[in-house]
Amino acid sequence: MNLMERILVCVAWPYADGPVHLGHIMGAYLPADIFRRFNKMMGNEVLMVSGSDEHGTPITIQAEKENVHPSVISEKYHRINEEIFRRMFIDFDIYSRTSSEKHKKVVRDFLIQLNENGYIYEGTMISPYCPRCKRFLPDRYVEGTCPHCGYPKARGDQCDNCGRTLDPQELINPHCRICGTTPEFRETRHLFFRLSKLENGLREWVRSNTHWRINVKNYTERFIEGGLKDRPITRDIEWGIDVPFPGYENKRIYVWFEAVIGYLSATIAYSEMINNEKLWETYWKDENSKHYYFIGKDNIPFHTIIWPGMLMAHGDLNLPYDVPANEYLILKGMKFSKSAAHGIFMPEMLEKYDPDMIRFYSSMNMPENHDTEFSWNDFYSIINTELIDKYGNFINRVLKFVHNRYGSVPPALEFDDEDYNAIKNITRTGEEMAMYLSKVEIKNAIKSFMNLVSYGNMYFDRAAPWDLCRKDEKKCQTKLHISLMLVKALSIYGYPFIPETSRRVWRMLGYIDPIEKYGWKEAINPMEPYSIGEPSILFKKLEIKEEYEWNRLDIRVGRIIEVNDHPNAERLYLLRIKIGNEFRNIVAGLKAHYRPEELLNRNILILYNLEEAKIRDYVSQGMLLAADDGKNVSILVPEEAEDGERILFNNSETNPERKISIKEFQKIRIEIGKIMGIEEDNVIVQGKMLYKIKNEMVKGKTEGNIVLAFSNNKPFVMHTKNGLVRPIRDVEPGAKIR
RNA sequence: AGCGGGGUAGGGUAGCCUGGAAAUCCCGACGGGCUCAUAACCCGUAGAUCAGUGGUUCAAAUCCACUCCCCGCUACCA
């Protein structure tokens, strides 16, 4: 533990097709940076590398859409992400990119080496070729029926239903996802990586890594038990790295093979950048160097099997020491996703909040063991109470008191038991945090940190210097000295999590040399007699603004003017709807519940800002709202309203800026309530539970079913200008709207 | 409906893999203290049949089986 260690911190390479979001930050980049800073403070030699992953089909697709060269896309997001990391104080020693010449060269050399070692062979592959699109299709462009589970929409690379990885040829009834044509399976030559040969070696190596997180280890072992297959490492596409063998001029190296080599190429590039060209070898060849890979859970097999396999095949290079993969961040019940534009994206987050606030919250809530829900309430609450009230206020009250009373650090003269205890606490916290952080247990570490904050507040309270200083000057000075030591310790111990704040506190304590120069161990040393200036407030409290969830909904009254059967779906109708001056087509799954004449000319409710969707070949421009209690289904109708009118909540019109996805809509709780009785100014409503609602919300109505939309679990009644919204048939109270 | 993940005080969580006395922490509620501090801080109290049932065991929140409920992905939900 006390010997200096050399650590390479490898962080997943973000795919350059969009800005990173909070899930990426919490899952990989922040823990990596915390780990890096901690190790620096321990005096270890640390290097942190990452970069943009720029090749591959998704970027090509994006480029085709925008009608630009793929490099334009990757260049844009490379810059954006680099800037995000800089602002978040996630300080890579080098943030490289896979389009760099250095990377390309290292990749080619790597491939040549693997070939020399007998791990590469040429094989022919039967690949799907679409005669209509005139090209070989990437695996995920082919769809068909899964041979294992019979799922009809399995993709060529894997089946989403049973999770098995597939080859496009295995699919039953394959077709091109773009044009629907049945692809021909043509022969094409490709290079293969002999992963199968490494199966035993990998299995043993994985088994020997007893310090890995259980989920990582279990997952990896199960994956290996499934058998390791050789993998093609070239593809018939244009955007990518050239293959260094003749006959492969029109092919490129597969991204999965090439991007992981970035960890190595970036280290080499860094060595050259600082004119220390042999430096990379100390990291990659000296067996005492430890490599940590910070990634999300979707990346586990690549970093615990494939990349180690490639390294074994290459020989002479260090394998990963630990792969502390994190789980997903969930927003409103749905995982963050770049492609679905679902989540909190960093550019927007950084506009509003101090980076250290984001770092602090993220550390407290890191998805280390489970998928973790993000909510703004949680964010505000943790920032305001833990970071600002407990931590910020402690720093502030101590510094302000010392500043006002003495203006400099008072000497420690007389120690009592509690004072010794305080110093013991500082020491113990440092050891405990070091123990956690060296195992990359961020949440435990910051919890330990917060315990010291609480202790500090308690110590200061018990010491009561505002009183003591009048009675016993010497003792009071000691108490203040130790309080300042606590502040100092918090500055040092907090540094990995909230570096900028720690630096500010450090300067307030009078230190000139940077905190990094002192390191972890300095926390237990007494204070220097510096002068203490007027402390500045570390953070302003966040104002909590209430957001109504139903503000995302734009619901309008529509009149059904046509009802037709869906030609190839048993349960669907095609409806023509008039909404004021506008007409829309809606697909509705009501055939089992309503006859056409029951629907025709009815005023109903349309979710107006729902994203369009194709259902069985017909586009649905919105959704007809109906209540469903599991047995009965009822459409919802407005009382006394014209088509085109908007549905109101809490007497206000909603005005969402964006379209809403079906998933988001389903997250918003809307249910049927039955008016049970009246009690003074309130109405008692039975929904899924019993609610008390203000009388005016139901416009004086005293009976019947109503529709409740919830925000923060508080019910609001859906209504129109002149009346309420009601289900036309009787359904159970609590029935959901869909 | 198929697959995956869960159910621990009013809310949010820790603990579960590796069973062991009083189940962790934060918010909220209630009572008290303090007045240095960003209406912050400190102390105390109440509040949990650890989803249910059955089993294994000297001992179960923890292991096993079944049931119920929630969430996600998928789908002729829209």
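Numbered from 1 within each chain, the chains take letters A, B, ... in sequence-line order.
For the OP1/OP2 pair of rU38(B) and a distance below 4.0 Å, the side-chain nitrogens and oxygens of K400(A) include at least one atom meeting the criterion. Applying the 4.0 Å criterion to OP1 and OP2 of rA39(B), one finds that K541(A) has every side-chain N and O outside that range. The side chain of K390(A) places no N or O atom within less than 4.0 Å of a non-bridging phosphate oxygen (OP1 or OP2) of rA37(B).
Residue-to-nucleotide proximity on RNA chain B shows that, of E386(A) and K447(A), the 5′-proximal contact is made by K447(A).
Taking only side-chain atoms of F401(A), from C-beta outward, the nucleotide of rU38(B), rC76(B), rC36(B) with the closest atom is rC36(B). Side-chain proximity of T385(A) to the nucleotides rC76(B), rA37(B), rC27(B) is greatest for rC27(B).
Checked against side-chain contact (heavy atoms from CB on, under 4.5 Å), T385(A) has the following partners two or more places apart in sequence or in another chain: S381(A), D389(A). Judged as a side-chain contact (heavy atoms from CB on, under 4.5 Å), and not counting sequence neighbours, the contacts of S634(A) are Y594(A), P727(A), I728(A), R729(A), V731(A). With sequence neighbours left out, the side chain to side chain donor-acceptor pair (under 3.5 Å) criterion links E386(A) to no other residue. Partners of K540(A) by side chain to side chain donor-acceptor pair (under 3.5 Å), not counting sequence neighbours: none found. For H566(A), the side chain to side chain donor-acceptor pair (under 3.5 Å) partners are N568(A), not counting sequence neighbours.
As judged by a 4.0 angstrom heavy-atom cut-off over every strand, A464(A) is placed among residues making no nucleic acid contact. Here F539(A) lies in heavy-atom contact (under 4.0 Å) with a base. At the heavy-atom level, I388(A) lies under 4.0 Å from base atoms of the strands shown. L538(A) comes within 4.0 angstrom of a nucleotide base, judged by non-hydrogen atoms across all strands.
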Please evaluate residues I442(A) and Y436(A) with respect to the criterion side-chain contact (heavy atoms from CB on, under 4.5 Å), reporting the C-alpha separation (whole Å), side-chain torsions for both, the decisive distance (0.1 Å), and the verdict. CA-CA 7 Å; I442(A) 309 285; Y436(A) 286 133; over 6 Å; no
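Distance CZ (F379(A)) to P (rC27(B)): 17 Å, rounded to an integer number of Å. Atom pair D467(A):CG and rC41(B):C1' shows a separation of 16 Å (rounding to whole Å applied). Atom CG in D389(A) sits about 9 Å away from atom P in rA39(B), given to the nearest Å. The CD1-C1' distance, from I442(A) to rU13(B), rounds to 18 Å in whole Å. Here the C1' atom of nucleotide rU13(B) and the CE atom of M364(A) are 11 Å apart, to the nearest Å. Taking atom CZ of residue F360(A) and atom P of nucleotide rC26(B), one finds them 12 Å apart after rounding to whole Å. Distance, N396(A) CG to rU35(B) C1': 15 Å, rounded to whole Å. To the nearest angstrom, P of rA75(B) lies 14 Å from CG of L572(A).
Under the Watson-Crick and G-U wobble criteria, each requiring two contacts below 3.5 Å, nucleotide rG44(B) is paired to rC30(B). Base pairing of rC58(B): its partner is rG20(B), meeting the Watson-Crick or G-U wobble criterion (both donor-acceptor distances under 3.5 Å). The partner of rG4(B) is rC71(B), by the rule that a Watson-Crick or G-U pair needs both atom distances under 3.5 Å. Across all strands shown, nothing is found opposite rC50(B) as a Watson-Crick or G-U wobble partner with both distances under 3.5 Å.
Taking 3.5 Å as the limit, the base of rA37(B) and the side chain of N393(A) contain a donor-acceptor pair of atoms between them.
Going from the C1' atom of rG4(B) to that of rU57(B) covers 31 Å, rounded to whole Å. Straight-line distance between the P atoms of rU24(B) and rU49(B): roughly 15 Å, to the nearest whole Å. Between rU56(B) and rC16(B), the two P atoms lie 25 Å apart (nearest whole Å). rG55(B) sits 11 Å from rA60(B) when the C1' atoms are compared, rounded to a whole Å. Separating the P atom of rG52(B) from that of rG10(B) is a span of 14 Å, rounded to the nearest Å. rC69(B) and rA61(B) are spaced 25 Å apart, taking the P atom of each and rounding to whole Å. Going from the C1' atom of rA9(B) to that of rA48(B) covers 5 Å, rounded to whole Å. rU8(B) and rC50(B) are spaced 4 Å apart, taking the C1' atom of each and rounding to whole Å.
Here the side chains of N609(A) and L607(A) are in contact, with some heavy-atom distance below 4.5 Å. Between R504(A) and S536(A) the shortest side-chain heavy-atom distance falls below 4.5 Å.
Taking the six-membered ring for Trp and the full ring otherwise, Y353(A) and F379(A) have centroids separated by under 6.0 Å.
Near-neighbour residues of RNA chain B inside residues 448-462 of chain A, defined by a heavy atom below 4.0 Å, number-ordered: N457(A), M458(A), F460(A), D461(A).
Between D472(A) and K474(A) there is no salt bridge, since no side-chain N of the basic residue sits under 4.0 Å from a carboxylate O of the acidic one.
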